[in-house]
Amino acid sequence: MKYMTSAEIRQAFLDYFNKQGHEIVATSSLIPANDPTLLFTNAGMVQFKDVFLGDDKRSYSRATTAQRCVRAGGKHNDLENVGYTARHHTFFEMMGNFSFGDYFKPEAIRFAWVFLTEVMGLPKEKLWITVHHSDDEAERIWKEEIGVDPERFSKLDEDNFWAMGDTGPCGPCTEIFFDHGEEVFGGPPGSPDEDGDRYIEIWNVVFMQYNRSAGGEMVALPRPSVDTGMGLERIAAVMQGVHSNYEIDLFQNLLKATAAAVKTNDLDNKSLRVIADHIRSCSFLITDGVTPSNEGRGYVLRRIIRRAIRHGNKLGTKEPFFNTLVAALVKEMGDAYPELGKMQEQIERVLLKEEQQFAKTLDNGMRLLTEEISGLEGDVISGETVFKLYDTYGFPADLTADVAREHELTLDMDGFELAMEQQRQRARASGGFAVDYNDKLDLNGVTEFIGYEHLEGGAEVVALFVEGEAVHQLSAGQSGIVVLDHTPFYGESGGQVGDRGHLSWDQGQFLVKDCTKEAKSHLHHGELVEGVLSVGDKVFAQIDEQARRATACNHSATHLLHAALRSVLGEHVQQKGSLVDPERLRFDFAHFEALTADEIKQVESIVNAQILANAEIKTDVMDMEQAKQSGAMALFGEKYDDQVRVLSMADGFSIELCGGTHAQRAGDIGLMQIVSEGGIAAGVRRIEAVTGQGALAYVAANESSLAEISALVKGSRDSVVDKVRALSERNRQLEKEIERLAMMLTSAKSGDLAEKAIEINGIKLLVENLQGADPKALRDTVDQLKNKLGSAVVVLATESEGKISLAAGVTKDLTGQVKAGDLVRDLTAKLGGKGGGRPDFAQGGGVDCAALPAVLESVKVLIANI
């Protein structure tokens, strides 16, 4: 068994399985592309879930991956254990090989055994095998074909059976454990002492051979598959002869960088482990598009960041430090995951902002917690204190639990949950208002909505409010809220804005600017224009018909848009929010990448085709079970009454539960034009569009712009694209010519530059600031100078518009002493920038122009110290 770095193990695994006919598939995002049931990608098989289910076909039947995984929220949450155990991480890499109906048990077992014992060189006597107690076939293969020692073999029960869910593909597992030796406490798997650290699972093979029905029946799959996993960090610990994952190369360099950042020499400190682990998960989550927030994935990210900051604070660090560790992570893992380096600056900005925000409250929060602990009688921190820390200082409960654990204390989580629920009730009661109006209504707060059938109608005033207080009467000039027993006004809900219009009577008028809902009451917000209005008065309610019809058309268009998106992009598309008003529609939906121009065009065409077909828009009221049977789509997280409205459009093209108002026929929408498409959060996209008159105005504006462009390029409308393309191509040619001339000029100077080389420690060194040189010409100039000097280190820089470009080259014979990539990283860091590259050539940039002379001069010192 030889020492192998983590990078060498990763590559050896992929290479081995590639030679066995497996397609090397790149790691997928930490945000599951089409699986709303998962918070994060937590296993190697996630990106292949649809393949195993038969919903996705690939060009290959064997695959191998090195998958980035996060377990820090939901069902798979290792956050509280990180830093306190040898093998728990929020971020880890799972090596895997997969068979989609190709090979099965004999091949999967042999592949695992050969890789571990022959490629990795692990001693066979150090390995322990487990199988499910029912899997006689796997037992026979291990014992008879592989020849494992029966004394190092266990049969297990539920721990060795895997299922994708309560129903669906499932099957037995076989696992391989590594024995760390008698000096470590613990027994083999299945024994009373199995939770010890002596025997560590390093490989798991899942044999997906059954399909479990809702009734629990297990039916053999026609094409059984294989899903395996080997944790990179665990096998690295084995190959590097250490017991803890934190002792492997991937972590040792991060721990040293963390220790330097927080100014401590205690490399065994558990807080350093927490921080080193968390910089990995935080950086990769941000790389994959997650941003800190107060909900969902963003909240998990914020929790991890704040936990890391708190541990830095515990070590005495008061200034931002966490963001500075990104560079060390990029150096450690950037080669395997280039996207990390590309996002380095963005990651650093996000982390720094979080550090600055949390630093403002961390001291106060820790002071409160310390005072509570010092005066505590018993070993439980009250739920009220946990809530106050969360509500006032932004301390997640698990962060408080982290501190409590260090003092051997526990939290009153029941009390915390009670305080949280009381806060939720207060928030619901406020609902944007100063009071719960519904509690003050004599008629139990029920307003009969007649707006589906009527745009106007008579009504009686049942309540009046001014600034949250119930009043008996409103006078001219007063703003307030009117509650009616009947109303045609739609109350804002489901993304549709409330109606506007007016209430009138013989002696006066109330201008309704908005209508909202509070429980089952409709609240008409507005101003009394003339007259006096009293509780009990009869009024005539009339909505703005034009605004209602425009809003209804936009709302109907969102339903067609939703169906069209699912048709073009896939069934994973789900509505995540919407806004429908008379002017436009906004539709948020789950999708993992930006739409292409062609996809937008397809969606738009499908919607407009349905509009032109002009089918009737039908609404039926039924119970929820009937709605489900009809195929109606419900919005995740929405609450529905027992009786629901089912909206069917375009002869079943779209069937959804919806309580909003809609057009009578699809053709009423007129036309839909998508105005913009973009991302608003990780895995969530937003489309804005216009319909009807708004769409016609949008088209007219585009036509006007096209005419203006045609005039500027002296072409007709038909030839404008060709004209612009020709001008763009001509511009590129001129840019290339300018670049070529600049390179010729620089090349002509390179002969003179070569004469400026000096010799230090037997190494030729040329360092120059080429004032006014084209940054793009630096690389060619470096290569020319290397050729002319034969053996040398060349460092060139140039400044342009406050930015520095820097390039370094090292001839092959000197790369053992000087590496261009390391040199450029060091220099650009001093210039407030970044850079890197190969040992023989690297480039980068910076912004501190004033520091450039001294930085270039420092190269001589670096070479002198080699």
Side-chain angles (χ1 to χ4, degrees), residues 1-4 6 8-10 12-13 15-17 20 44 64 86-87 92-97 103-133 135-157 159-162 172-207 226-245 247-248:
M1 188 171 75
K2 63 177 181 178
Y3 178 95
M4 293 179 71
S6 300
E8 289 170 342
I9 296 170
R10 186 191 298 115
F13 183 93
D15 288 345
Y16 171 75
F17 281 100
Q20 311 307 317
T64 183
R87 272 166 289 280
F92 62 96
E93 293 181 76
M94 183 64 75
M95 316 301 296
N97 61 285
Y103 60 82
F104 202 45
K105 294 182 183 180
E107 297 89 344
I109 289 173
R110 190 176 302 109
F111 286 151
W113 188 255
V114 170
F115 179 78
L116 290 176
T117 61
E118 296 182 17
V119 178
M120 306 300 283
L122 296 185
K124 296 178 181 179
E125 65 274 13
K126 281 282 191 178
L127 301 179
W128 189 289
I129 309 300
T130 72
V131 297
H132 189 255
H133 68 86
D135 199 347
D136 295 335
E137 182 184 3
E139 180 180 6
R140 183 193 60 78
I141 294 169
W142 277 116
K143 290 181 177 179
E144 296 179 12
E145 296 185 21
I146 302 300
V148 300
D149 183 352
E151 295 297 318
R152 303 187 69 78
F153 192 91
S154 301
K155 288 185 176 183
L156 303 180
D157 295 326
D159 287 344
N160 266 38
F161 196 90
W162 180 91
C173 306
T174 183
E175 299 169 318
I176 304 174
F177 287 73
F178 182 81
D179 180 359
H180 277 281
E182 295 179 356
E183 64 276 11
V184 180
F185 170 77
S191 71
D193 296 328
E194 66 177 358
D195 291 334
D197 284 341
R198 176 175 173 179
Y199 293 88
I200 300 300
E201 178 194 338
I202 58 173
W203 197 298
N204 184 23
V205 186
V206 177
F207 301 120
V226 172
D227 161 24
T228 82
M230 178 183 75
L232 177 62
E233 293 81 3
R234 290 191 177 198
I235 191 66
V238 171
M239 298 305 297
Q240 295 173 21
V242 295
H243 180 61
S244 167
N245 289 1
E247 296 177 65
I248 67 174

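Please read these numbers as outputs of a predicted model, since none were measured by experiment. Heavy-atom basis, side chains included; hydrogens, waters and symmetry copies ignored.
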Report task. For the pair Phe13 and Phe115, name the ring-plane relationship: parallel under 30°, tilted 30 to 60°, perpendicular over 60°. Result ->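 Perpendicular, since the angle between the ring planes exceeds 60°.
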Note, [X] side chain near [Y] side chain (heavy atom, < 4.5 Å):
X	Y	result
Asp135	Lys105	yes
Asp197	His180	no
Phe111	Thr64	no
Tyr16	Glu118	no
Met95	Ile9	no

N/O donor-acceptor pairs under 3.5 Å from side chains in residues 137-144, not counting sequence neighbours:
unit_1: Glu139; atom_1: OE1; unit_2: Lys155; atom_2: NZ; d: 2.9
unit_1: Glu139; atom_1: OE2; unit_2: Lys143; atom_2: NZ; d: 2.8
unit_1: Arg140; atom_1: NH1; unit_2: Glu145; atom_2: OE2; d: 3.1
unit_1: Arg140; atom_1: NH2; unit_2: Glu145; atom_2: OE2; d: 3.4
unit_1: Trp142; atom_1: NE1; unit_2: Thr174; atom_2: OG1; d: 2.9

To check you understand the geometry: which heavy-atom pair defines the closest contact between [X] and [Y], and what is its length?
X	Y	answer
His132	Pro172	CB-CB, 3.6 Å
Gly186	Tyr199	O-CE1, 4.1 Å
Asn245	Ile248	O-CG1, 2.9 Å
Val205	Ala108	CG1-CB, 4.0 Å

Which side-chain N or O atoms in residues 232-242 pair as donor and acceptor under 3.5 Å with protein atoms at least two apart or in another chain?
unit_1: Glu233; atom_1: OE1; unit_2: Glu93; atom_2: N; d: 3.3
unit_1: Glu233; atom_1: OE2; unit_2: Glu93; atom_2: N; d: 3.2
unit_1: Glu233; atom_1: OE2; unit_2: Arg280; atom_2: NH2; d: 2.8
unit_1: Arg234; atom_1: NH1; unit_2: Glu201; atom_2: O; d: 3.0
unit_1: Gln240; atom_1: OE1; unit_2: Asp249; atom_2: N; d: 3.0
unit_1: Gln240; atom_1: NE2; unit_2: Met4; atom_2: O; d: 3.0
unit_1: Gln240; atom_1: NE2; unit_2: Asp249; atom_2: OD1; d: 2.9

Under 3.5 Å donor-acceptor pairs involving side-chain atoms of residues 124-131, not counting sequence neighbours:
unit_1: Lys126; atom_1: NZ; unit_2: Asp179; atom_2: O; d: 3.3
unit_1: Trp128; atom_1: NE1; unit_2: Ser154; atom_2: OG; d: 2.8
unit_1: Thr130; atom_1: OG1; unit_2: Asn160; atom_2: ND2; d: 3.0
unit_1: Thr130; atom_1: OG1; unit_2: Glu175; atom_2: N; d: 3.4
unit_1: Thr130; atom_1: OG1; unit_2: Glu175; atom_2: OE1; d: 3.1

Any chance you could measure [X], atom [atom1], to [Y], atom [atom2], to the nearest 0.5 Å?
X	Y	atom1	atom2	result
Leu116	Ile176	CG	CD1	5.0 Å
Phe17	Asn97	CZ	CG	3.5 Å
His243	Glu183	NE2	CD	9.5 Å
Met120	Met230	CE	CE	6.0 Å

